[in-house]
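Counting begins at 1 with the first residue of the sequence. Only a predicted model underlies this, so the values are computations on that prediction, with no experimental measurement involved.
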Amino acid sequence: MAFLEVKDIKKNFGKTEVLKGVSFSLENGEVLSIIGPSGNGKTTLLRCLNYLEFIDNGQVILNNNVIQDGETIKKLKEKDIRKQRLHFGMVFQNFNLFPQYTALKNVQLALSLMEKERAKNGQEPLHDNSPEEVAKDLLKRVGLEDKMNNYPCELSGGQCQRVAIARALALSPEILCFDEPTSALDPELTGEVLKVIKELKETTGMTMIIVTHEMEFAKNISDKVMFMADGKVEEFGTPEQVFSNPKSELTKQFLHSFLEGVE
């Protein structure tokens, strides 16, 4: 059985079907890039995986354990949702940092709260080191050793996104999700964020799901690529299969129009 299995995920907002039965699987350590036109369910899928939206149907199975089920999800208590949410880390396109806190505090905060809750419940700490030491190590990993005491307003967009990546890593998720991590950045800052993601893959072997419009990046970093259209998986395969030999006419049209736009 695969490390992650997503089975027939459906999500409606009122009468609007946003996800129409999305299914795919990933092995541990694989990187999946999700591509496709805007407004076709890519972000909603990530939000569902992270328990930021409740699915209406389907299952999410991680490491042989059902962590989401459309039939029971709305009956879960808040503490159960918080626990299940920890399987995934989320990096948002607009950073979502606390402006009143330094980079170090932004990374440290959620981990400090979690460690207090684990201690209260008689659980072992998530990390051997203190939350502050973990946060410092992660900021060093993303190249922000000299920016730890800066506030978000004192950082560039690329630096803020790297703080957001460190914050997501602090809770030791099994899968890290990125929702268009470079879309809010100027072109010259995009490269530094993509470099950090590439280094994460090379040094940690972490399973990642990346919604992106950076086609060259998706081609180079991914083990699998998924093209979504109209709330469905239109194409799924290796980068070579999807980019060089797509079977779906919609995939062909999207890649053709994208390449025309680049030119």
Side-chain angles (χ1 to χ4, degrees), residues 13 18-19 31-53 85 88-110 135 138-171 173 175-201 206 208-222 225-229 254 257-259 261-262:
F13 290 109
V18 180
L19 299 178
V31 174
L32 168 67
S33 288
I34 305 176
I35 62 173
S38 298
N40 282 269
K42 302 186 301 297
T43 293
T44 298
L45 175 60
L46 289 192
R47 291 181 64 82
C48 285
L49 292 176
N50 283 269
Y51 270 89
L52 299 174
E53 302 287 353
R85 191 175 281 154
F88 292 84
M90 182 77 159
V91 179
F92 301 89
Q93 55 183 301
N94 291 317
F95 324 135
N96 286 12
L97 300 180
F98 292 108
Q100 71 271 34
Y101 295 140
T102 63
L104 181 62
K105 186 71 171 179
N106 263 285
V107 176
Q108 178 185 338
L109 184 60
L138 288 170
L139 286 169
K140 289 177 184 176
R141 183 187 294 183
V142 298
L144 293 176
E145 185 174 3
D146 60 339
K147 301 292 184 181
M148 293 186 186
N149 295 315
N150 287 54
Y151 291 87
C153 64
E154 300 171 320
L155 301 173
S156 70
Q159 290 167 341
C160 284
Q161 193 60 291
R162 284 187 277 158
V163 173
I165 292 171
R167 178 183 59 186
L169 290 170
L171 299 181
I175 297 176
L176 190 57
C177 300
F178 296 85
D179 183 17
E180 298 188 27
T182 60
S183 67
L185 303 180
D186 295 332
E188 63 268 24
L189 300 177
T190 294
E192 65 185 58
V193 173
L194 298 181
K195 180 183 177 184
V196 168
I197 298 173
K198 186 171 183 289
E199 287 174 351
L200 278 178
K201 178 185 179 180
M206 176 172 277
M208 294 188 275
I209 301 175
I210 308 168
V211 169
T212 183
H213 285 103
E214 301 286 341
M215 296 299 130
E216 198 62 31
F217 174 71
K219 189 185 298 185
N220 291 332
I221 197 173
S222 306
V225 175
M226 185 164 83
F227 174 70
M228 286 185 66
F254 171 78
S257 63
F258 181 84
L259 290 172
V262 171

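When the options Val91, Leu97, Leu139 are evaluated for a side-chain contact (heavy atoms from CB on, under 4.5 Å) with Arg167, the one that passes is Leu97.
Ser257 contributes a side-chain N or O that, together with a main-chain N or O of Phe254, makes up a donor-acceptor pair within less than 3.5 Å. The closest donor-acceptor contact from the side chain of Lys201 to the backbone of Val31 lies at 3.5 Å or more, if one exists at all. Judged purely by atom type and a 3.5 angstrom limit, Arg162 uses its side chain to pair as donor or acceptor with the backbone of Val142.
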Checklist entry - Stepwise, does the side-chain contact (heavy atoms from CB on, under 4.5 Å) test hold for Tyr101 with Gln108? => result CA-CA 10 Å; Tyr101 295 140; Gln108 178 185 338; over 6 Å; no

Checklist entry - Does the side-chain contact (heavy atoms from CB on, under 4.5 Å) test come out yes or no for Thr102 and Met148, once each step is laid out? => result CA-CA 7 Å; Thr102 63; Met148 293 186 186; over 6 Å; no

Checklist entry - Could you go step by step and tell me if Glu154 and Lys147 meet the side-chain contact (heavy atoms from CB on, under 4.5 Å) rule? => result CA-CA 9 Å; Glu154 300 171 320; Lys147 301 292 184 181; over 6 Å; no

Next on the checklist: Determine whether Leu144 and Asn150 satisfy the following criterion, side-chain contact (heavy atoms from CB on, under 4.5 Å), listing intermediate values before the conclusion.
Outcome noted: CA-CA 10 Å; Leu144 293 176; Asn150 287 54; over 6 Å; no

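Here the straight-line distance linking atom CD1 of Ile175 with atom CG of Asn50 works out to 9.5 Å at 0.5 Å rounding. Summarising the geometry, atom CZ belonging to Phe92 is positioned 10.5 Å from atom CD belonging to Gln161; distances are rounded to the nearest 0.5 Å. Distance OG1/Thr212 to CG/Asp179: 10.0 Å, rounded to 0.5 Å. Atom-to-atom distance recorded for Glu214:CD and Thr182:OG1 is 4.0 Å, nearest 0.5 angstrom. Distance CG/Leu52 to OG1/Thr44: 11.0 Å, rounded to 0.5 Å. Rounded to the nearest 0.5 Å, atoms CD (Glu180) and CD1 (Ile210) are 12.0 Å apart.
At least one side-chain heavy atom of Met226 sits less than 4.5 Å from a side-chain heavy atom of Leu45. With a 4.5 Å cut-off on side-chain heavy atoms, Leu46 and Phe178 do not count as touching. In this structure, Ile221 and Ser33 have side chains that are in contact, with non-hydrogen atoms separated by less than 4.5 Å. Inter-residue side-chain proximity for Leu169 and Leu200 is flagged as met; some heavy-atom pair is nearer than 4.5 Å. Lys42 has its side chain within reach of Ile34: a pair of non-hydrogen atoms, C-beta onward, lies under 4.5 Å apart.
Between Ala164 and Phe95, the closest heavy-atom pair is CB-O, 3.9 Å. In terms of heavy atoms, Ala218 sits closest to Ile35 at CB-CG2, 4.5 Å. Listed here is the closest heavy atom pair of Ser222 and Val225: CB-CG2, 3.9 Å. The two residues Leu138 and Ala166 come nearest to each other via the heavy atoms CD1-O, 3.4 Å. Residues Leu19 and Gly41 come closest through the heavy atom pair CD2-O, 3.4 Å. Taking all atoms of both residues into account, the shortest heavy-atom contact from Ala184 to Asn94 is CB-OD1, 3.6 Å.
Heavy atoms of other residues, nucleotides or ligands lying less than 6.0 angstrom from CD of Glu199 number more than 12. Environment of CZ in Arg85: crowded, with over 12 heavy atoms of neighbouring residues, nucleotides or ligands closer than 6.0 Å.
A search for side-chain contact (heavy atoms from CB on, under 4.5 Å) contacts involving Gln100 returns Phe98, not counting sequence neighbours.
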